[in-house]
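Report on the structure given below.
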Amino acid sequence: MFFVTIKEDIKQFYVYREETMNNDMRPYLLIKRLDYRGESTTFAVPLRSNISNNYLPFKHYFPLPDLDKTRQLHTHGLHYVKMFPIPTQFLNKFNYPDDSYNNLFEYIYSQRNKIIMDAQQYLIDYEKGEHVLYSTPLEEMMEIYNMFRQ
């Protein structure tokens, strides 16, 4: 588990909801070996600072301490609904801009078992057809992921 950013190159293949990849410096939590459709797969889970609280069940995100830029009635968190499979050649190391990310990563790392279990459960539910309209299209993305799989 570690923070990464996504290389620009992948965006030509993953054409979908722009809010997931519209920020070149957005950190993602990389989780390896999640099971999806019987395959061990690497997933990138975006850290999003403004997840709307209006409609989102807790099982769709892992809450994190709010940032200065987190708006009222929104939350900061790991957003499982926007996670996607990612071939490792499209990853960059995330450069921590300040100590707040070190503290955040320490917190995430301390909760890693819950985060991994929650992410896996989200994928199990997704496979059963239990996902929201604005979820990333994992079936389409897995086809692309498998083209690049090493």
Side-chain angles (χ1 to χ4, degrees), residues 1-14 16-37 39-127 131-132 134-138 141-142 144-146 148-150:
M1 252 182 158
F2 49 93
F3 286 146
V4 297
T5 58
I6 306 301
K7 290 183 180 177
E8 191 70 28
D9 303 4
I10 194 66
K11 294 178 184 181
Q12 65 184 313
F13 301 105
Y14 284 172
Y16 65 103
R17 310 255 193 277
E18 69 282 342
E19 70 269 11
T20 304
M21 288 191 180
N22 67 351
N23 181 344
D24 292 337
M25 296 310 297
R26 177 189 303 279
Y28 295 81
L29 182 67
L30 192 70
I31 304 178
K32 296 184 174 192
R33 295 184 295 274
L34 287 175
D35 184 61
Y36 185 71
R37 301 270 186 225
E39 295 182 45
S40 181
T41 307
T42 299
F43 278 87
V45 184
L47 276 78
R48 299 192 63 219
S49 58
N50 285 297
I51 303 169
S52 177
N53 288 338
N54 293 340
Y55 55 85
L56 195 63
F58 282 115
K59 69 180 186 174
H60 289 169
Y61 72 98
F62 180 81
L64 297 171
D66 283 348
L67 301 174
D68 291 341
K69 60 184 174 181
T70 304
R71 296 187 305 254
Q72 191 173 14
L73 302 176
H74 289 75
T75 192
H76 177 221
L78 293 165
H79 203 183
Y80 304 127
V81 169
K82 302 296 183 184
M83 73 179 180
F84 55 92
I86 185 75
T88 55
Q89 63 264 43
F90 294 105
L91 300 175
N92 285 322
K93 181 182 176 199
F94 177 72
N95 294 315
Y96 297 80
D98 57 47
D99 287 340
S100 65
Y101 278 96
N102 287 329
N103 296 337
L104 184 61
F105 185 74
E106 286 175 13
Y107 175 71
I108 289 171
Y109 192 76
S110 75
Q111 299 295 313
R112 67 189 175 279
N113 292 334
K114 178 172 178 22
I115 292 167
I116 291 169
M117 285 181 6
D118 289 351
Q120 185 62 66
Q121 187 59 53
Y122 175 79
L123 293 173
I124 290 168
D125 292 345
Y126 190 99
E127 286 182 41
H131 55 86
V132 292
Y134 50 86
S135 298
T136 53
L138 294 180
M141 297 178 92
M142 280 301 292
I144 296 165
Y145 173 83
N146 286 326
F148 290 100
R149 198 171 203 174
Q150 297 175 346

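Bear in mind the structure is a predicted one, so any value in this text is a computation, not a measurement.
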On a heavy-atom basis, the closest approach of Ser49 and Leu67 is CB-CD1, 3.9 Å
Checking Asn146 now: which residues fulfil side-chain contact (heavy atoms from CB on, under 4.5 Å) with it, not counting sequence neighbours? Glu39, Met142, Arg149
My understanding is that only one of Tyr126, Tyr28, Phe90 makes a ring-ring contact (aromatic ring centres under 6.0 Å, His included) with Phe84; could you say which? Tyr28
Would you find a donor on one side and an acceptor on the other, under 3.5 Å apart, between the side chain of Lys7 and the backbone of Asn92? no
Which residues pass the ring-ring contact (aromatic ring centres under 6.0 Å, His included) test with Tyr61, sequence neighbours left out? Phe58
Smallest separation among heavy atoms of Ile115 and Met1, with atom names: CG2-CE, 3.8 Å
List for me each residue that meets ring-ring contact (aromatic ring centres under 6.0 Å, His included) alongside His74, sequence neighbours excluded, and say none if there are none. none
Starting at NE2 of His76, measure out to OG1 of Thr70 and round the result to the nearest 0.5 Å. 6.0 Å
State which residues pass salt bridge (charged side-chain N to carboxylate O under 4.0 Å, His left out) with Lys93; sequence neighbours excluded, sorted by chain then number. none
Output all residues satisfying side-chain contact (heavy atoms from CB on, under 4.5 Å) with Pro65, sequence neighbours left out; order by chain, then residue number. Leu104, Tyr107
At their closest point, which heavy atom of Ile6 faces which heavy atom of Ala44, and how far apart are they? CD1-CB, 4.3 Å
Counterpart residues, side-chain contact (heavy atoms from CB on, under 4.5 Å), relative to Arg33 (two or more places apart): Ser40
Pairs in or reaching into residues 101-111: which pass salt bridge (charged side-chain N to carboxylate O under 4.0 Å, His left out), with residues at least two apart or in two chains? none
For the residue pair Leu47 and Leu29, what are the closest heavy atoms and their distance? CD1-N, 3.9 Å
Which residues pass the ring-ring contact (aromatic ring centres under 6.0 Å, His included) test with His60, not counting sequence neighbours? Tyr122
Sorted by chain and number, sequence neighbours left out, side chain to side chain donor-acceptor pair (under 3.5 Å) with Arg112 holds for none
Given side chains that start at C-beta, do those of Ile144 and Met141 come closer than 4.5 Å, heavy atoms only? no
Residue pairs involving residues 51-63 (criterion salt bridge (charged side-chain N to carboxylate O under 4.0 Å, His left out); sequence neighbours excluded): Lys59-Asp125
Got a second to check how far Ile10's CD1 is from Ile86's CD1, nearest 0.5 Å? 4.5 Å
Among residues at least two apart in sequence or on other chains, which ones pass ring-ring contact (aromatic ring centres under 6.0 Å, His included) with Phe94? Phe3, Tyr96, Tyr101
Rounded to the nearest 0.5 Å, what's the gap from OG1 on Thr41 to CG on Asp35? Could you check? 7.0 Å
CD (Gln120) and CZ (Phe43) are apart, to the nearest 0.5 Å, by 8.5 Å
Here the gap from Leu73 atom CG to Ile51 atom CD1, rounded to the nearest 0.5 Å, amounts to 14.0 Å
What's the separation between atom CD in Gln72 and atom CG in Asp66, rounded to the nearest 0.5 Å? 11.0 Å
Could you tell me whether the side chain of Met83 reaches within less than 4.5 Å of the side chain of Leu123, counting heavy atoms only? yes
Run the side-chain contact (heavy atoms from CB on, under 4.5 Å) test against Asn113 and tell me which residues pass, sequence neighbours left out. none
